[in-house]
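All values reported here derive from a predicted model rather than from experimental measurement. Heavy-atom basis, side chains included; hydrogens, waters and symmetry copies ignored.
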Amino acid sequence: MSETPDSAVRTYIDSHRAAFLDDLAEWLRIPSVSAQPEHAADVRRSAEWLAAKLRDTGFPTTEVWPTDGAPAVFAEWPAEDPGAPTVLVYGHHDVQPAAREDGWDSDPFEPVIREGRLHARGAADDKGQVFFHTLGIRAHLAATGRSAPAVHLKLLIEGEEESGSPHFRALVEQHADRLAADAVIVSDTGMWSADTPTVCTGMRGLAECEIVLHGPDQDIHSGSFGGAVPNPATAAARLVAALHDQHARVAIPGFYDGIIDLTDRERALFAELPFDEEQWLRTARSTATHGEQGYTTLERIWARPTAEVNGIGGGYQGPGSKTIIPSSAMVKLSFRLVAGQDPAHIEKAVRAWAADQLPAGIRYEVVFGAATRPCLTPLDHPALQSVVRAMGRAFQQPVRFTREGGSGPAADLQDVLGAPVLFLGISIPSDGWHAPNEKVELDLLLKGVETSAYLWGDLGENWRDAH
C-alpha cells in the first residue's frame, strides 16, 4: 500500500530526526549572545554556521549580510513555477545571555535532552524554531517529488533581536528589493499550550517616551515658597492621574483615532480558549485584574491599546524628610498600540496632551524613542488559512487563534515590504524564554517541522493570486 502525502512527510521526518537534532545541538553550542560584546565573534560564527547549513539544505543562494551591529543571514530558493507566491521566513539566531550560576541545571550552551525536552539557550527562542524549517523543506520536497519548493522561499534570520533589533529596519530598507515577498512567516512566537495549537494573528506596536519637568532652577524651601510657585513633582503626579478616565480608557485626545476594533467573531474565538484567569494572575504575581471596561483580560492584552506608567520620580528620595520644592521631576510612559494606530500620530497626541495638562511655570521636554508599528492579519486572509490548514494537518486537531500583547521587529517587515505578517511557532509558555533551563518540547518541535513541510505546498496550491 502506497503512502499518503502526510505519511510520507512523517516517515521522512522520523528517518532524519536524529541527524536534525544533532545539527541543532551543534548550532546551540555557539553562544551567540548579541547583548555581550565579548560574544560578537560567536554571533558571526552562528551566522556563518547557519548560512552553510542552509546551503547544505539546498538553498542555491545563501548570504551573510553585515550590519552596523551583528550579521543577519539571507537565503533564497526560487520555485520552478514563476507564478508561485513568494514567502519570506523571519527569525533570529542571537540568544539571551545565560550562565550556569543563573540557576541552570546544566551548561546552557551544552544541549541536553531530558524527558523528551531539549534544554539549551536558544532551543525555543529562536534557533529551534528557525531550524525546523530546514528539515521541513526537505520533507516537502521528498514527499512531493519536487526539486524546488512550491513557493519562492526566502529566509531572513537576524542577529540582534535580543538586543532590540537596532539595525533591523535599516537592513530591511537596504535590501527591500531582495526581500520582496507576498507574505512573511514569523517563526519567533508560540502556541497557547501543548494541547491547544494556535496561530497568532497580530502583535501590538509600541511607542515610549520620557517627560522631564522643570520648575525652579534649584530645589527651594517649601515653607518660604510652597503654595506660591508650581511644583514639578505635583505636576508629574497630575499628569499621571490624567492619563486614564474612570473607566480605565486612555484619556489622551485622539488616542483611539483609526483603531480597528475587535469583531464579534474574534471575540468569540478568544473566548473559546481555555483561559484560567486565576492561574494567569498567579503568573502575573498580581491579586486582581484591571483595565478598560467592557473587555476581557485576553482582549485587553491582545487587542486593546494601553498607556502605562513605567517610572515616576522627582525630589528627595532619601531617609527622613527634606522639605523642598524639587527643581525637576520625570515620568516614563509606554503605549502599546493596535492595528489602525500610527505611532507618529500617537506622539503628536501625547505632546499636545502634555502641553494642555501642565501649568505655567513648568518647563518640560518630551523625548520619544524608536517606535514599533502594530501588525494584524485578517482571519480570512488566504495565506493565514494555509498556515492554519498546515498546522491542523500536523497536529491533527482544530487550530485556534491568539494575538501577542508584546511587540517585535516583524512589524518593520510589514511596513517596509507591504506584506502581511503571519506567525508560525510551536513554543509553549513553559519553555522558559530568557529564563534558566530554557527548553523545547521535542514532539512539538517535530510538529513544527511537519507544519513547515505542508505549508509550502498549501500556499503554492491555494494562493495563486498572491501577486
Return the [atom1] to [atom2] distance between [X] and [Y], rounded to the nearest 0.5 Å.
| X | Y | atom1 | atom2 | value |
| --- | --- | --- | --- | --- |
| Ile211 | Gln357 | CD1 | CD | 10.0 Å |
| Thr296 | Leu298 | OG1 | CG | 5.5 Å |
| Gln218 | Ser328 | CD | OG | 12.0 Å |
| Tyr295 | Arg304 | OH | CZ | 3.5 Å |
| Ile346 | Asp257 | CD1 | CG | 8.0 Å |
| Arg403 | Cys375 | CZ | SG | 10.0 Å |

Write down the atom of [X], the atom of [Y], and the distance for their closest heavy-atom approach.
| X | Y | answer |
| --- | --- | --- |
| Leu358 | Ala235 | CD2-CB, 4.1 Å |
| Ile252 | Ala349 | CG2-O, 3.6 Å |
| His93 | Gly159 | NE2-CA, 3.4 Å |
| Ala390 | Thr451 | CB-O, 3.6 Å |
| Pro216 | Pro230 | CD-O, 4.1 Å |
| Val130 | Gly91 | CG2-CA, 3.8 Å |

Should [X] and [Y] count as side-chain neighbours, where that means a heavy-atom distance under 4.5 Å?
| X | Y | result |
| --- | --- | --- |
| Leu455 | Met391 | no |
| Glu450 | Phe132 | no |
| Leu333 | Val309 | yes |
| Leu273 | Thr198 | yes |
| His175 | Trp65 | yes |
| Leu376 | Thr201 | yes |
| Pro166 | Glu160 | yes |
| Asp431 | Ile428 | yes |

Evaluate the side-chain contact (heavy atoms from CB on, under 4.5 Å) criterion for residues Leu384 and Phe401: first the C-alpha distance (whole Å), next the side-chain angles of each, then the deciding distance (0.1 Å), finally the verdict. CA-CA 11 Å; Leu384 176 62; Phe401 296 91; 4.3 Å; yes
In terms of ring plane angle, is the pair [X] and [Y] parallel, tilted or perpendicular, where the classes change at 30° and 60°?
| X | Y | result |
| --- | --- | --- |
| Phe168 | Tyr90 | perpendicular |
| Phe368 | Phe335 | parallel |
| Phe270 | Trp302 | perpendicular |

Using the rule given for salt bridge (charged side-chain N to carboxylate O under 4.0 Å, His left out), can you reason through Arg169 versus Glu173, listing the C-alpha separation, both sets of side-chain angles and the distance that settles it, and then say yes or no? CA-CA 6 Å; Arg169 186 180 181 95; Glu173 290 173 340; 3.1 Å; yes
What's the verdict on side-chain contact (heavy atoms from CB on, under 4.5 Å) for Ile426 and Val440, showing C-alpha distance, side-chain angles and the deciding distance? CA-CA 9 Å; Ile426 50 74; Val440 68; 4.0 Å; yes
With a cut-off of 6.0 Å (strictly less than), are more than 12 heavy atoms of other residues, nucleotides or ligands near [atom1] of [X]?
| X | atom1 | answer |
| --- | --- | --- |
| Asp276 | CG | yes |
| Gln293 | CD | yes |
| Glu115 | CD | no |
| Arg45 | CZ | yes |

Do any N or O atoms from the side chain of [X] and from the backbone of [Y] form a donor-acceptor pair under 3.5 angstrom?
| X | Y | result |
| --- | --- | --- |
| Lys154 | Arg178 | yes |
| Arg204 | Ile301 | yes |
| Arg121 | Pro97 | yes |
| His214 | Glu365 | no |
| Glu162 | Val33 | no |
| Asp188 | Asp126 | no |
| Thr196 | Ser193 | no |
| Asp219 | Ser327 | yes |
| Asp443 | Gly116 | no |
| Thr377 | Val421 | yes |

Run Arg373 and Asp412 through salt bridge (charged side-chain N to carboxylate O under 4.0 Å, His left out) and show every step you take. CA-CA 7 Å; Arg373 301 179 71 87; Asp412 286 329; over 6 Å; no
Verify side-chain contact (heavy atoms from CB on, under 4.5 Å) between Gln414 and Val184, making sure each step is shown before the conclusion. CA-CA 8 Å; Gln414 175 183 264; Val184 176; over 6 Å; no
Stepwise ring-ring contact (aromatic ring centres under 6.0 Å, His included) check, Trp353 with Tyr364: CA-CA 13 Å; Trp353 167 78; Tyr364 69 95; over 10 Å; no
Pair Ser427-Trp433, side chain to side chain donor-acceptor pair (under 3.5 Å): steps then yes or no: CA-CA 9 Å; Ser427 184; Trp433 292 24; 2.8 Å; yes
Could you go step by step and tell me if Val338 and Ile259 meet the side-chain contact (heavy atoms from CB on, under 4.5 Å) rule? CA-CA 7 Å; Val338 299; Ile259 190 171; 3.3 Å; yes
Judged by modelled atom types alone, do [X] and [Y] share a side-chain donor-acceptor pair under 3.5 Å?
| X | Y | value |
| --- | --- | --- |
| Arg336 | Ser407 | yes |
| His247 | Asp245 | no |
| His119 | Ser106 | no |
| Ser386 | Trp463 | no |

Residue among Ser163, Ser34, Ser165 satisfying side-chain hydrogen bond (donor to acceptor under 3.5 Å, both in side chains) with Glu158: Ser165
Ion pair present between Asp217 and Arg363, side-chain N to carboxylate O less than 4.0 angstrom? yes
Step by step, work out the side chain to side chain donor-acceptor pair (under 3.5 Å) result for Glu292 and His244. CA-CA 9 Å; Glu292 186 180 2; His244 298 89; over 6 Å; no
